[in-house]
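Structure first, commentary second.
Predicted model only: the values in this text are computed from it and were never measured. So that the names make sense, note that chain A is the first sequence line, chain B the second, and so on, each numbered from 1.
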Protein chains: 2
Amino acid sequence: MTADVSAAWQAYQRMRVQLNGRINRELTRSTGLSEADFDILFFLEQSGESSVTSLALRCGLEWEKSRLSHQLRRMEQRGLVVKEAPGAVIRLTDRGREQIAAARACHEAAVRRYFGDVLNAEQLAALTAISDQVVARLTEDRHATRR
Amino acid sequence: MTADVSAAWQAYQRMRVQLNGRINRELTRSTGLSEADFDILFFLEQSGESSVTSLALRCGLEWEKSRLSHQLRRMEQRGLVVKEAPGAVIRLTDRGREQIAAARACHEAAVRRYFGDVLNAEQLAALTAISDQVVARLTEDRHATRR
DNA sequence: GCCCTCTGGTTGATGTATCAACGGTTGATG
DNA sequence: CATCAACCGTTGATACATCAACCAGAGGGC
């Protein structure tokens with residue numbers, strides 16, 4: 001592995017671990033929501049009527065089915081969502097709606113602070129391109145490896 | 001949050017989840033090691049005599065103490081490392097040395113395939129700079145938030 | 001000396017991620 | 001129609017991450 005690849009990989013790994021660690025910690029501290037909670041609630045809130053099928057959630061978030069099932073069970077126990085008609089539609093509760101509103105503000109502030117404000121327009125564009133290329137490569141290979 | 005920040009953030013998140021998911025899955029499939037296992041073994045192997053204090057491990061990897069403790073316990077049960085003199089020195093076993101050798105090859109191949117080969121020199125340099133800047137920002141703020 | 005605090009490591013509890021296995025429904029093929 | 005295959009969602013088992021509580025030893029200040 002050439003030196004520049006190695007350096008980029010190490011730097012990236014460091015950013016990945018620390019940046020997401022920080023943002024999740026701040027989110028959990030100030031709202032009590034985990035990253036998983038946030039992703040689910042965010043997706044539901046974005047989806048018009050705040051209700052959506054399990055399948056749409058799974059595809060939208062690209063989660064494994066068992067992961068989603070476990071997560072929804074825990075969130076239902078905490079009163080953040082309800083499942084209407086077993087295995088069908090997931091709906092935000094009022095409590096869930098409150099929480100995601102607060103969490104969005106907190107999350108956006110953190111992203112701006114540690115990410116958006118640190119990078120200039122060129123860097124943002126470069127990172128977008130880099131990410132898209134890598135994801136495209138992964139998607140290509142998904143077929144090659146039979147899945 | 002401006003559109004370019006939002007786009008970059010979303011693209012980055014996608015890459016983060018998918019890229020690390022893929023690499024870890026391949027690593028686990030072909031060697032039976034988790035990312036945590038790999039990080040520990042890699043660090044030990046890099047450290048001259050393949051033995052190092054718990055403290056050096058904690059600082060080098062920037063892990064919480066309880067995380068390291070749990071992880072080392074599990075790895076010792078699997079015969080990958082041994083703890084000599086309680087709480088002091090961690091040492092690679094022969095089995096651990098074998099495993100990390102195989103895992104390194106697998107890991108490097110995956111990093112090259114999905115990351116190094118996909119990006120050109122400019123992009124690698126840009127990503128390194130981006131990562132360093134973000135990490136620097138996080139480090140600044142660590143003091144501000146009293147830790 | 002005595003206490004106090006800080007730090008290093010451990011442990012238990014909880015939440016999360018992944019895998020394998022299961023039951024149920026649906027759709028195609030014979 | 002009967003069967004088979006594919007997919008949905010669920011569940012249990014296991015590994016991992018994090019938090020809080022705990023114990024032990026090392027200094028520092030009195």
Side-chain angles (χ1 to χ4, degrees), chain A residues 13 16-41 52-90 99 103 146-147, chain B residues 13 16-41 52-90 99 103 146-147:
Chain A
Q13 287 295 97
R16 176 183 70 89
V17 171
Q18 294 201 12
L19 179 58
N20 268 84
R22 176 72 60 91
I23 290 178
N24 290 337
R25 215 169 303 126
E26 288 192 3
L27 191 67
T28 303
R29 282 262 172 243
S30 37
T31 70
L33 296 178
S34 67
E35 184 185 6
D37 299 329
F38 182 83
D39 289 343
I40 299 266
L41 296 179
V52 85
T53 67
S54 282
L55 187 55
L57 253 175
R58 256 185 55 198
C59 297
L61 297 176
E62 298 180 302
W63 279 21
E64 303 234 346
K65 56 186 180 178
S66 67
R67 179 183 181 186
L68 183 63
S69 183
H70 285 304
Q71 186 66 32
L72 288 177
R73 175 178 44 74
R74 289 187 296 257
M75 291 177 73
E76 190 171 26
Q77 283 171 356
R78 286 189 291 153
L80 296 173
V81 299
V82 286
K83 296 188 223 178
E84 311 188 330
V89 174
I90 310 297
Q99 300 246 7
R146 204 168 52 269
R147 198 245 151 184
Chain B
Q13 288 295 97
R16 176 182 71 89
V17 171
Q18 295 200 14
L19 178 57
N20 268 86
R22 176 72 62 92
I23 290 179
N24 290 337
R25 215 169 304 128
E26 289 193 2
L27 190 65
T28 303
R29 283 262 171 245
S30 37
T31 69
L33 296 179
S34 67
E35 184 185 5
D37 297 329
F38 182 83
D39 288 343
I40 299 264
L41 295 180
V52 85
T53 67
S54 282
L55 187 56
L57 253 175
R58 255 184 58 197
C59 296
L61 297 175
E62 297 177 307
W63 278 21
E64 304 233 345
K65 56 185 181 178
S66 67
R67 180 183 180 187
L68 182 63
S69 184
H70 285 305
Q71 186 66 33
L72 287 177
R73 175 179 43 75
R74 288 188 296 258
M75 290 176 73
E76 191 171 25
Q77 282 171 357
R78 287 189 291 152
L80 297 173
V81 299
V82 287
K83 296 189 225 179
E84 312 189 329
V89 173
I90 311 297
Q99 299 247 7
R146 206 168 51 268
R147 200 245 149 185

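Evaluation of the side chain to side chain donor-acceptor pair (under 3.5 Å) rule for A:Arg67 yields no partner, not counting sequence neighbours.
Using modelled atom types, no side-chain atom of A:Gln99 and backbone atom of A:Leu33 make a donor-acceptor pair closer than 3.5 Å. With hydrogens and angles ignored, the 3.5 Å screen pairs no side-chain donor or acceptor of A:Gln71 with any backbone N or O of A:Ala36. Side-chain atoms of A:Ser30 come within 3.5 Å of backbone N or O of A:Glu26 as a donor-acceptor pair. With B:Thr53 contributing its side chain and B:Val89 its backbone, the two residues share no donor-acceptor pair below 3.5 Å.
Expressed to the nearest 0.5 Å, how far CD1 of A:Ile40 lies from CG of A:Leu57 amounts to 5.0 Å. Going from atom CG of A:Leu27 over to atom CD of A:Glu35 covers 8.5 Å, rounded to the nearest 0.5 Å.
When the P atom of C:dG15 is taken as reference, atom CG of A:Leu27 falls 16 Å away, rounded to whole Å. B:Ile90 has its CD1 atom 12 Å from the C1' atom of C:dG8, to the nearest Å. Protein atom CD of A:Glu64 is 15 Å distant from nucleotide atom P of C:dA21, rounded to whole Å. B:Leu68 has its CG atom 13 Å from the P atom of D:dT18, to the nearest Å. Straight-line distance from the CE atom of A:Met75 to the C1' atom of C:dT14: 17 Å, rounded to whole Å. A:Asn24 places its CG atom 9 Å from the P atom of D:dT18, with the value rounded to the nearest Å. As a whole-Å value, the separation of B:Ile23 CD1 from C:dT18 P is 15 Å. In this structure, B:Arg73 atom CZ and D:dT18 atom P are separated by 16 Å, rounded to whole Å.
Inter-residue side-chain proximity for A:Asn20 and B:Gln13 is flagged as met; some heavy-atom pair is nearer than 4.5 Å.
For DNA chain C, each stem of at least three Watson-Crick or G-U pairs (distances under 3.5 Å) is given as range with range: C:1-22 with D:9-30, C:24-30 with D:1-7.
Mapping A:Leu72 and A:Arg29 onto DNA chain D via the closest heavy atom, the residue that lands nearer the 5' end is A:Leu72.
If you check every strand for non-hydrogen atoms under 4.0 Å, A:Leu55 touches sugar and phosphate atoms only.
Between B:Lys65 and the phosphate of D:dA20, there is no side-chain N or O to OP1/OP2 separation shorter than 4.0 Å. Distances shorter than 4.0 Å separate none of the side-chain N or O atoms of A:Arg58 from OP1 or OP2 on D:dC7. Contact between the side-chain N/O atoms of A:Arg25 and the OP1/OP2 oxygens of D:dT18 is not found at any separation under 4.0 Å.
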message = Does A:Arg74 form a side-chain contact (heavy atoms from CB on, under 4.5 Å) with A:Leu80? I'd like the steps, not just the answer.
response = CA-CA 9 Å; A:Arg74 289 187 296 257; A:Leu80 296 173; over 6 Å; no
Between the protein and nucleotides 12-16 of chain D, are there any N/O to N/O pairs under 3.5 Å, and if so, what are the atom names and distances?
unit_1: D:dG12; atom_1: O6; unit_2: A:His70; atom_2: NE2; d: 2.8
unit_1: D:dC16; atom_1: OP1; unit_2: B:Ser34; atom_2: OG; d: 2.8
unit_1: D:dC16; atom_1: OP2; unit_2: B:Arg74; atom_2: NE; d: 2.7

